[in-house]
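See below for the structure under consideration.
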Number of protein chains: 2
Amino acid sequence: MYMLDRSLIAGLPPFSGLTRPDLDLILEKARSLRIAAGQPVFEQDAEAHSFFLLLDGHVRVVKTTADGQQVIMRYISAGQLIGIATALGRLTYPATAVAAVDSLALAWPNEAWHELAARYPAFAANTYKTVAARLEETNERVVDLATALVDRRVAHALLRLIEQSGRKTEFGIEISFPISRQDIADMTGTTLHTVSRLLTAWEHQGFVKSTRKRVTVVDAQRLLDHVG
Amino acid sequence: MYMLDRSLIAGLPPFSGLTRPDLDLILEKARSLRIAAGQPVFEQDAEAHSFFLLLDGHVRVVKTTADGQQVIMRYISAGQLIGIATALGRLTYPATAVAAVDSLALAWPNEAWHELAARYPAFAANTYKTVAARLEETNERVVDLATALVDRRVAHALLRLIEQSGRKTEFGIEISFPISRQDIADMTGTTLHTVSRLLTAWEHQGFVKSTRKRVTVVDAQRLLDHVG
DNA sequence: CGACACTTTGATCCGATTCAACCATCGTGG
DNA sequence: CCACGATGGTTGAATCGGATCAAAGTGTCG
């Protein structure tokens, strides 16, 4: 086992405001792991042993219902924590986290959490803010699901995705990881068929551009206006 | 202004594990307020100045969309905190809180938060657990909205309500505050018409019993089985 | 190059909203 | 105290947004 370098995590939001010796101590307790695209980081209902920091790649957090339907709760990009609900008292993971592309993460055993939180209040505070921000974001999603028609929900999902992990290209802003029609449907409570029809229509109108598993938003403002 | 008695908050979840002198100090910073049924405790988008503890009554937390549609995010009952997202960094309230019945609450200025959290780690920890629990609950709701048909969503809402604030009666478990068809519709993303039809059908089948603004679940298990 | 995963598009069907009308209950003030 | 307006609830009919069913096209990778 080689020593992890503090440059890996310096500057990331969860560790902002910590000194270099602090970072070294925090890293001492971590192990790093590589996750191939399509592989799980952790699985729903499994005993929660660790929490994670995504260093590179993209992970989608998915809940599966008793009858097998899937809902994508969120996409996590590099620099963000996952599996932290468990650090705050849960015994099992509430969802499955699957790598959308080959990814790299750090893992800490749950026991390390209290220690870290106690010793580095800034780390704890950052984490709580993350949880609070996710709660608020999820609340917005409930409002969307409860009040908006499918086209609006899909548009909002795309706009959230490019905001959280968009990459500027020649034609607009592209979602920076592969995402299928089915994935978008699983984020918005609809079917791949409906998503396909919407994207085709929007492409004709010049709002978006897409190919297999890649989506680019050409004109976010007009897309937003279009769905009201 | 009279002194608030520590018996008001001793034993409530947010303050569990605190000593009596601690409680007195905490109460010193609070003011109490009476809210008449239908009146707001705080309003969406207003500058957040305080967080609250509901001592008696019931409050519903409502988000209103730009086009005026309402979504009831949750009902808060006595002993629970409200308006805490703001204590964790927000500048405005993300929703409106309206008293469902005449209610009584304590209010602390937001500045008191950091002080209390620093001095009473148990209070802080309890609060973070609350936020984490609400996130998980909201996640479940997203899954429900994204995957379940209306009858299931309404059934789940009723079961959640009787679990969180049910009162045992002769006929079953009654939701312990007045709630209209429209309110239930606003919790589940449907219309009062559909809720009315469902309740009527369920009443014929003996699962529930209801009158104006009062709903009793007669047989939770059979209702749950019925909607799959 | 073939198999598989992903995407498109048409036709049909259904759950739930919308539109419409009416009834019941509550609170209030003359 | 009762009349009346307001709020809440019921129920039918028409309509529609999307799901479902069905089938064929296309890009990708081993």
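A, B, ... follow the sequence lines: proteins, then strands. Residue 1 opens every chain. Excluded from the calculations below are hydrogen atoms, water molecules and symmetry mates; all remaining heavy atoms, backbone and side chain alike, are included.
- When atom types are taken as modelled, the side chain of B:K209 and the backbone of B:F171 share no donor-acceptor pair closer than 3.5 angstrom.
- Between the side chain of B:R153 and the backbone N or O of B:A148, at least one donor-acceptor pair lies under 3.5 Å.
- The backbone N or O of B:A37 sits less than 3.5 Å from a side-chain atom of B:D102, completing a donor-acceptor pair.
- Looking only at side-chain heavy atoms (C-beta outward), A:I184 and A:L158 come within less than 4.5 Å of each other.
- Between B:T188 and B:L145, the shortest heavy-atom contact is O-CD2, 3.8 Å.
- With respect to B:D144, the side-chain hydrogen bond (donor to acceptor under 3.5 Å, both in side chains) criterion is satisfied by exactly one of B:H156, B:R160, B:R152: B:H156.
- Between B:E136 and A:K63 there is a salt bridge, since at least one side-chain N of the basic residue sits less than 4.0 Å from a carboxylate O of the acidic one.
- Using a 4.0 Å heavy-atom cutoff across all strands shown, B:G189 reaches sugar-phosphate atoms only and no base atom.
- For the residue pair B:V71 and A:A146, the shortest heavy atom distance occurs at CG2-CB, 4.1 Å.
- Listed here is the closest heavy atom pair of A:R141 and A:M187: NH2-O, 2.9 Å.
- The footprint of chain B on DNA chain D, defined by a heavy-atom cutoff below 4.0 Å, extends from D:dT7 to D:dA13.
- Formation of a donor-acceptor pair under 3.5 Å by the A:R197 side chain with backbone atoms of A:L192 is not found in this model.
- Classified by interplanar angle (parallel below 30°, tilted 30° to 60°, perpendicular above 60°), the ring pair B:F51/B:W113 is perpendicular.
- Of the residues in residues 199-214 of chain A, A:R212 come within less than 4.0 Å of DNA chain D through at least one heavy atom, sorted by number.
- Nucleotides of DNA chain C with any atom under 4.0 Å from a heavy atom of chain A span, from 5' to 3', C:dA5 to C:dA11.
- Closest of all the heavy-atom pairs between B:D151 and B:V227 is O-CG1, 3.8 Å.
- With B:T92 contributing its side chain and B:A48 its backbone, the two residues share no donor-acceptor pair below 3.5 Å.
- Looking at every heavy atom in both residues, B:S176 comes nearest to B:R214 through C-NH2, 3.5 Å.
- Residues from residues 175-188 of chain A lying near DNA chain C, meaning a heavy-atom separation below 4.0 Å, are A:S180, A:R181 in numerical order.
- Using a 4.5 Å heavy-atom threshold, the side chains of A:W202 and A:V218 count as separate.
- For the helix from C:dC1-D:dG30 to C:dG30-D:dC1, the terminal axes (five pairs an end, C1' atoms, rotation from four pairs onto the next four) enclose an angle of 40°, given to 10 degrees.
- With contacts defined as side-chain heavy-atom distances shorter than 4.5 Å, the pair A:T216/A:K168 does not qualify.
- If you check residues 56-67 of chain B against DNA chain C, you find no residue with a heavy atom closer than 4.0 Å.
- The environment of B:E47 atom CD is sparse: at most 12 non-hydrogen atoms of other residues, nucleotides or ligands sit within 6.0 angstrom.
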